[in-house]
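Chain identifiers are assigned alphabetically (A, B, ...) following the order of the sequence lines, protein sequences preceding nucleic acid strands; residue numbering begins at 1 within each chain.
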Number of protein chains: 2
Amino acid sequence: MEKQTITIYDVAREADVSMATVSRVVNGNPNVKPATRKKVLEVIDRLDYRPNAVARGLASKKTTTVGVIIPDVSDIYFASLARGIDDVATMYKYNIILANSDENNQKEVQVLNTLLAKQVDGLIYMGHSISDAIRAEFARSKTPIVLAGSIDPDEQVGSVNIDYVAAVKDATLKLIKNGNEKVAFICGNLEFPINSKYRLRGYKDALNEAGIPYDESLIFETEYSYSAGEALFGKVQAIGATAAVVSDDELAVGVLNAAVDAGVNIPTDFEIVTSNNTKLTEMVRPKMTSISQPLYDMGAVGMRLLTKMMNKEEIDDKTILLPYSIVDRQSTK
Amino acid sequence: MEKQTITIYDVAREADVSMATVSRVVNGNPNVKPATRKKVLEVIDRLDYRPNAVARGLASKKTTTVGVIIPDVSDIYFASLARGIDDVATMYKYNIILANSDENNQKEVQVLNTLLAKQVDGLIYMGHSISDAIRAEFARSKTPIVLAGSIDPDEQVGSVNIDYVAAVKDATLKLIKNGNEKVAFICGNLEFPINSKYRLRGYKDALNEAGIPYDESLIFETEYSYSAGEALFGKVQAIGATAAVVSDDELAVGVLNAAVDAGVNIPTDFEIVTSNNTKLTEMVRPKMTSISQPLYDMGAVGMRLLTKMMNKEEIDDKTILLPYSIVDRQSTK
DNA sequence: TTGAAAGCGCTAACAT
DNA sequence: ATGTTAGCGCTTTCAA
């Protein structure tokens with residue numbers, strides 16, 4: 001025989017009050033006489049009653065759950081953001097439905113729809129680019145959405161990032177000031193606005209400010225992976241570059257190790273600045289100088305922004321830029 | 001004016017059928033005349049109807065959602081497991097509610113209860129140890145539970161692991177055969193069964209087989225972190241150890257880098273075998289030899305096991321051991 | 001093959 | 001301060 005689940009009705013009957021009163025007690029409504037509250041709480045304890053969140057969600061139209069779309073949890077960059085998101089979510093009594101998208105446009109849209117079907121109160125999206133398909137879904141959804149560590153030039157939804165133009169400009173300038181005339185720019189897919197409109201812009205701005213002509217052969221577009229970096233270093237060296245700004249840490253480790261393995265001295269013969277300041281930067285030798293994006297904070301602030309949107313609070317600016325810095329280590333002079 | 005949400009009732013009215021029929025169409029019930037099905041699908045498409053999963057969950061008592069308790073998403077070990085879990089979950093049409101526990105006993109119990117309140121169909125738990133409190137909750141819950149990459153000697157719930165005793169024994173034996181008489185054993189909290197009852201057991205078995213007496217001063221208990229490893233190497237070296245079996249990759253990287261920074265040649269003067277074969281092992285120099293735990297697969301198999309339990313299928317053995325191997329790299333001779 | 005109707009467990013007016 | 005009563009949007013017998 002199945003053990004019967006205890007409902008609010010059972011508690012009401014045993015405590016000799018109405019369901020409404022039990023509901024009030026459970027939800028901390030002050031309009032309950034202390035004596036009644038005590039009696040109800042005793043019964044709840046005795047019967048070991050646990051409110052059913054699904055029923056509550058249906059009745060109240062709130063699930064206290066937010067959807068999080070992430071390219072890959074096992075990618076340290078996004079996992080760091082996710083950690084910040086979950087901590088703030090917990091703080092505000094929300095839970096997280098986590099869904100991997102693999103940056104696949106079709107999967108993203110599908111995942112978004114199942115998340116909406118599950119009636120999430122809000123949505124956080126992470127990804128290197130916003131496809132037109134997903135942007136269209138964002139537009140027609142009335143569920144609040146925030147992008148974390150992800151750029152959409154449209155600025156239709158909330159977002160939390162750093163100023164990528166300025167960060168890359170600073171990084172490039174540092175390399176130029178160290179005496180490098182040929183600084184390579186190694187990034188991901190240039191179809192992504194974050195790379196073409198922001199990072200590359202910063203790189204060009206730096207050259208411009210230093211009076212160095214832009215040379216397209218110094219731009220290397222590749223995928224974000226350790227092996228891609230390893231494979232790329234030869235070409236970078238062949239073109240005569242003596243330094244590189246790299247958009248991803250794993251990619252940068254690949255470049256760094258390939259250089260070291262090839263007997264190139266870093267930073268004497270070749271300098272590297274990477275972009276995410278994940279713990280990887282401290283685990284490699286030499287340790288890598290990096291732009292420091294406050295990933296955890298970006299997730300946390302993004303989730304905080306989302307709570308405000310879900311609460312329909314006034315938002316002064318839903319496009320948030322967090323401060324960045326450049327952490328000097330041994331891969332630069 | 002708020003845009004009215006479309007319900008199954010709207011579809012039924014427009015298609016001139018009953019709600020039951022719409023429900024059948026949506027759920028792929030074959031007992032619907034093709035013509036009717038077509039008519040209903042057209043209306044669904046026209047009205048852009050999306051079933052409300054919360055209402056469905058309340059009515060059917062199934063949420064197609066599973067809870068995942070994880071110590072820390074930003075830890076690559078658990079994130080790798082989580083990725084395997086989510087992929088298989090997606091495959092079987094489940095979503096994942098992800099909750100970080102920080103290995104905090106109190107938080108774990110609380111998180112478990114909110115997950116159960118949300119009526120998850122199943123639960124996957126990850127953690128270095130199973131506290132009595134959480135074990136008690138497991139016992140009284142009738143929701144299926146699986147442990148992934150986590151040991152409970154009780155074997156009350158399902159679990160997926162590798163044979164830690166044998167793996168550590170193999171690793172230790174390799175080091176002994178390479179000529180090391182003093183092999184350090186560097187692990188996490190020895191109060192955790194996985195360390196005391198399994199890994200240390202394997203270590204002792206190896207010594208025993210090789211006829212080397214057990215020396216407690218070679219056992220180093222510490223936390224799992226890069227800095228702990230860095231700090232520890234000096235002591236390990238001072239005691240005269242010439243090799244180490246390490247239970248965690250970040251910890252091992254700390255030991256490795258401290259050794260290299262101290263001018264110790266690896267593997268000539270000191271050998272290391274680590275335990276998780278995460279991508280870190282290939283990013284450091286020298287690359288690290290490691291026990292290879294199939295983390296992704298452990299997550300995937302754990303989730304698959306859970307789907308069977310949720311389906312009330314017959315399970316031949318709910319305690320699963322996956323094969324491991326030792327991947328040779330440059331931190332051993 | 002289809003429909004009617006009774007819930008699922010809870011919240012939220014509205015009354016009292 | 002407390003109770004009554006509709007739903008929330010869907011699934012699932014049971015009948016037809």
J.: Nearest to the side chain of B:Ile8 - D:dC10, C:dC10, D:dT2?
T.: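 Looking only at heavy atoms from C-beta outward on B:Ile8, the closest nucleotide is D:dC10.
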
J.: Output the rounded distance in Å from CG (A:Asp10) to C1' (C:dC8).
T.: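 Taking CG of A:Asp10 and C1' of C:dC8, I get 13 Å after rounding.
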
J.: Are A:Tyr224 and A:Tyr77 near enough that their ring centres are under 6.0 Å apart?
T.: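 No, ring centres 6.0 Å or more apart.
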
J.: For A:Asn52 and for B:Thr21, find the nucleotide of DNA chain C with the closest heavy atom, then tell me which residue's nucleotide is more 5'.
T.: B:Thr21

J.: Can you tell me how far P of C:dG3 sits from CG of B:Asn29, to the nearest Å?
T.: 13 Å

J.: Does atom CD (B:Glu313) have a neighbourhood of more than 12 heavy atoms from anything else shown, all under 6.0 Å?
T.: yes

J.: Between A:Lys62 (NZ) and C:dA12 (P), how many Å, whole number?
T.: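 Rounding to the nearest Å, NZ of A:Lys62 and P of C:dA12 are 7 Å apart.
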
J.: So, does B:Thr7 get its side chain near the phosphate of D:dG9, meaning an N or O under 4.0 Å from OP1 or OP2?
T.: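 So the side chain of B:Thr7 is outside the cut-off, no N or O lying under 4.0 Å from OP1 or OP2 of D:dG9.
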
J.: Using a cut-off of less than 4.0 Å, is there contact between a side-chain N or O of A:Asn27 and OP1 or OP2 of C:dT11?
T.: yes

J.: Calculate the interatomic distance between A:Leu58 atom CG and D:dG9 atom P; express it in whole Å.
T.: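 In whole Å, D:dG9 P lies 7 Å from A:Leu58 CG.
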
J.: Map B:Val17 and B:Lys61 onto DNA chain C by nearest heavy atom, then report which one ends up closer to the 5' terminus.
T.: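 Counting from the 5' end, the first nearest nucleotide belongs to B:Val17.
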
J.: Give a yes/no on whether any side-chain N or O of A:Ser18 is located under 4.0 angstrom from OP1 or OP2 of D:dG3.
T.: yes

J.: Would you kindly check whether a donor in the side chain of B:Arg24 faces an acceptor in the base of C:dG3, or vice versa, at under 3.5 angstrom?
T.: yes

J.: Measure from the side-chain heavy atoms of A:Ala20 and tell me the nearest of D:dT4, D:dT12, C:dT11.
T.: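 Closest nucleotide to the A:Ala20 side chain: D:dT4.
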
J.: Which pair of heavy atoms, one from A:Val160 and one from A:Gly302, lies closest together, and at what distance?
T.: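 Here A:Val160 and A:Gly302 meet closest at CG2-CA, 3.5 Å.
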
J.: B:Ala59 has a side chain; which of C:dT2, C:dT11, C:dC8 sits nearest to it?
T.: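 Of C:dT2, C:dT11, C:dC8, C:dC8 is nearest to the side chain of B:Ala59.
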
J.: Give a yes/no on whether any side-chain N or O of B:Tyr49 is located under 4.0 angstrom from OP1 or OP2 of D:dC10.
T.: yes

J.: Quick check on C:dT1: is either OP1 or OP2 less than 4.0 Å from any side-chain nitrogen or oxygen of B:Thr36?
T.: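 Looking at the OP1 and OP2 atoms of C:dT1, neither is under 4.0 Å from any side-chain N or O of B:Thr36.
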
J.: Starting from the C-alpha separation in whole Å, work towards a yes-or-no answer on side chain to side chain donor-acceptor pair (under 3.5 Å) for B:Lys118 and A:Thr63.
T.: CA-CA 9 Å; B:Lys118 296 219 165 169; A:Thr63 55; over 6 Å; no

J.: Give a yes/no answer on whether the side chain of A:Ser23 brings an N or O atom under 4.0 Å of OP1 or OP2 in C:dC10.
T.: no

